[in-house]
Amino acid sequence: MPAPSSSSSSSSVCTFLLIFLLAVRASNCAAKATKNTRPPRQLSADYYAKKCPQLEQIVGSVTSQQFKEAPVSGPATIRLFFHDCFVEGCDASILISTKPGSKQLAEKDAEDNKDLRVEAFQTINMAKELVERKCPGIVSCADILAVAARDFVHLAGGPYYQVKKGRWDGKISMASRVQYNIPRANFTIDQQLKLFNSKGLTLEDLVVLSGAHTFGFAHCKQFVGRLYNYRGTKQPDPDMDPRLLKALQMSCPQFGGNSDIIAPFDVTTPFMFDHAYYGNLEAKLGLLASDQALVLDPRTKPLVQQLGKDKQKFFQAFSVAMEKMGSIGVKRGRRHGEKRRYCSMHA
Ligand code: HEM
């Protein structure tokens, strides 16, 4: 389905949205600013060619099954990968569970990670278990996460790109390192850019990677401010289409709503990885203030317009940007890393 223009997206959009708002509820329910401007450390596409040649096939059997049985696993796993890479680098530190009785919470239990879906963790754990049976002690959880994220992009209709591998798992996972490394839904472009720059990512990477919001869902609390009291004005955000506003207000009251209610990022094709996200922004159909900001800022608007017109350009740029994001803070060797048997526990 093409990206809607503001006039063509009338009732069908809202009907679609409402169906999702009513039918889909959340099933459950990021500091060390790793300044990484150095080139990635020798990741390679054939890293496991000798020791675990079936790796991608094994992970693929799990991701394709999950895609059928629990489609929310797709967007959830891509978000999990993003939250992993932005805190301590792409080292599966997000998968570690807090030790029972420990006062020091692991990354996963930080406030900003509370809404990461259990289906994403389950996908990686299932894949790891199968991989361990065929190639014990060889493959890192961090690489499995990178491969699974790519699989889901492709399964949902997005590009297929090679995943470079060779990441080791990290030894550090601390909730206290999350808050300043994960962007918030009300961040301005300056705030988003500062954070992305601190990870070695550019303004273009920010626009392109935000395109992951072409699928998946967000909880009311992430955008309710836009619906009733935008930036303290006691008015809704003028940059939201009035029909979308109305539909969202019906599901997300200002006070006392159900905290499990979620809304799709992309009201036109919520389960498809396409470029509709950018067309939606131009039609004032962005869900988060941070999304809509991309079309309001003169630095990012031209790229939003280009990507909205050209799906192939988006797919190409997204593949490159995912490889870049996937190289943030990569660890190699026993001094800095480990290979875990279980992704949720240090080795
Ligand atoms: C640029 C700044 C970003 C901000 C402010 C942001 C914020 C958010 C928020 C608030 C949610 C909703 C969480 C919830 O309520 O459950 C979300 C979901 C999501 N984010 Fe982002 N995000 C950003 C960038 C990214 C990037 C770079 C990626 C991946 C490359 C990504 C992938 C996703 C996906 C796929 C979801 C849907 C998850 C699901 O349905 O379970 N986001 N994001």
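Indexing begins at 1, ligand by ligand and atom by atom, following the structure's order. In this text the structure is predicted, and so the values were computed from the model without any measurement.
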Salt bridge or not between [X] and [Y]? Use side-chain N to carboxylate O under 4.0 Å.
{"X": "Asp143", "Y": "Lys165", "value": "no"}
{"X": "Arg133", "Y": "Glu129", "value": "yes"}
{"X": "Asp169", "Y": "Arg341", "value": "no"}
{"X": "Arg184", "Y": "Asp112", "value": "yes"}
{"X": "Glu204", "Y": "Lys324", "value": "no"}
{"X": "Arg177", "Y": "Glu107", "value": "no"}

Enumerate the atoms of ligand 1 whose separation from the nearest heavy atom of [X] is less than 4.0 angstrom.
{"X": "Ser290", "value": "5 (C)"}
{"X": "Gly216", "value": "37 (C), 40 (O)"}
{"X": "Leu206", "value": "1 (C)"}
{"X": "Leu288", "value": "7 (C), 8 (C), 9 (C), 10 (C)"}
{"X": "Ser210", "value": "1 (C)"}
{"X": "Asp115", "value": "16 (O)"}
{"X": "Ala76", "value": "41 (O)"}

Quiz item: Just going by heavy-atom distances, which of Phe196, Phe271, Phe82 is nearest to atom 24 (C) of ligand 1?
Solution: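 Result: the heavy atom closest to atom 24 (C) of ligand 1 is in Phe82.
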
Exercise. Using heavy-atom distances, let me know which of His213, Lys114, Glu119, His83 sits nearest atom 33 (C) of ligand 1.
Key: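 It is His213 that holds the nearest heavy atom.
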
Quiz item: Does a sphere of radius 6.0 Å around CD in Gln316 hold more than 12 heavy atoms from other residues, nucleotides or ligands, not counting ones at 6.0 Å or beyond?
Solution: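 Atom CD in Gln316 is not packed in, count stays at 12 or less.
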
Quiz item: Within a reach of under 6.0 Å around CD of Glu111, are more than 12 heavy atoms found that belong to other residues, nucleotides or ligands?
Solution: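 Check fails, neighbour count at 12 or below.
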
Any idea which protein heavy atom is nearest [atom], and the distance to it?
{"atom": "atom 5 (C) of ligand 1", "answer": "Arg184 O, 3.2 Å"}
{"atom": "atom 34 (C) of ligand 1", "answer": "Arg79 CB, 3.8 Å"}
{"atom": "atom 4 (C) of ligand 1", "answer": "Pro183 CG, 3.8 Å"}
{"atom": "atom 29 (C) of ligand 1", "answer": "Ala212 CB, 3.5 Å"}
{"atom": "atom 35 (C) of ligand 1", "answer": "Pro75 O, 3.2 Å"}
{"atom": "atom 1 (C) of ligand 1", "answer": "Gln192 OE1, 3.3 Å"}
{"atom": "atom 41 (O) of ligand 1", "answer": "Arg117 NE, 3.3 Å"}
{"atom": "atom 12 (C) of ligand 1", "answer": "Ala218 CB, 3.5 Å"}

Within-shell test, [X] vs ligand 1, heavy atom, strictly < 4.0 Å:
{"X": "Val72", "answer": "no"}
{"X": "Phe265", "answer": "yes"}
{"X": "Phe217", "answer": "yes"}

Quiz item: Per the ring-ring contact (aromatic ring centres under 6.0 Å, His included) rule, which among Tyr277, Phe273, Tyr160 passes with Phe318?
Solution: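 Going through Tyr277, Phe273, Tyr160 one by one, the ring-ring contact (aromatic ring centres under 6.0 Å, His included) with Phe318 is satisfied by Phe273 alone.
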
Practice problem: Mind checking whether His219 contacts ligand 1 via backbone (N, CA, C, O), side chain (CB onward), both or neither, at a 4.0 Å heavy-atom cut-off? | Solution: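 Both parts.
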
Practice problem: May I ask you to check whether Phe271 and Phe67 place their ring centres under 6.0 Å from each other? | Solution: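 Centroid distance Phe67-Phe271: not below 6.0 Å, so no.
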
Practice problem: Flag the pair Tyr278 / Phe314 as yes when their ring centroid distance falls below 6.0 Å, and as no otherwise. | Solution: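 That pair passes the under 6.0 Å test.
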
Practice problem: State, yes or no, whether a side-chain contact exists between Leu80 and Leu95 at a heavy-atom distance under 4.5 Å. | Solution: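 Leu80 vs Leu95: side chains touch.
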
Quiz item: Does any donor atom in the side chain of His275 or Asp310 lie under 3.5 Å from an acceptor atom in the other side chain?
Solution: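 No, Asp310 and His275 have no side-chain donor paired with an acceptor closer than 3.5 Å.
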
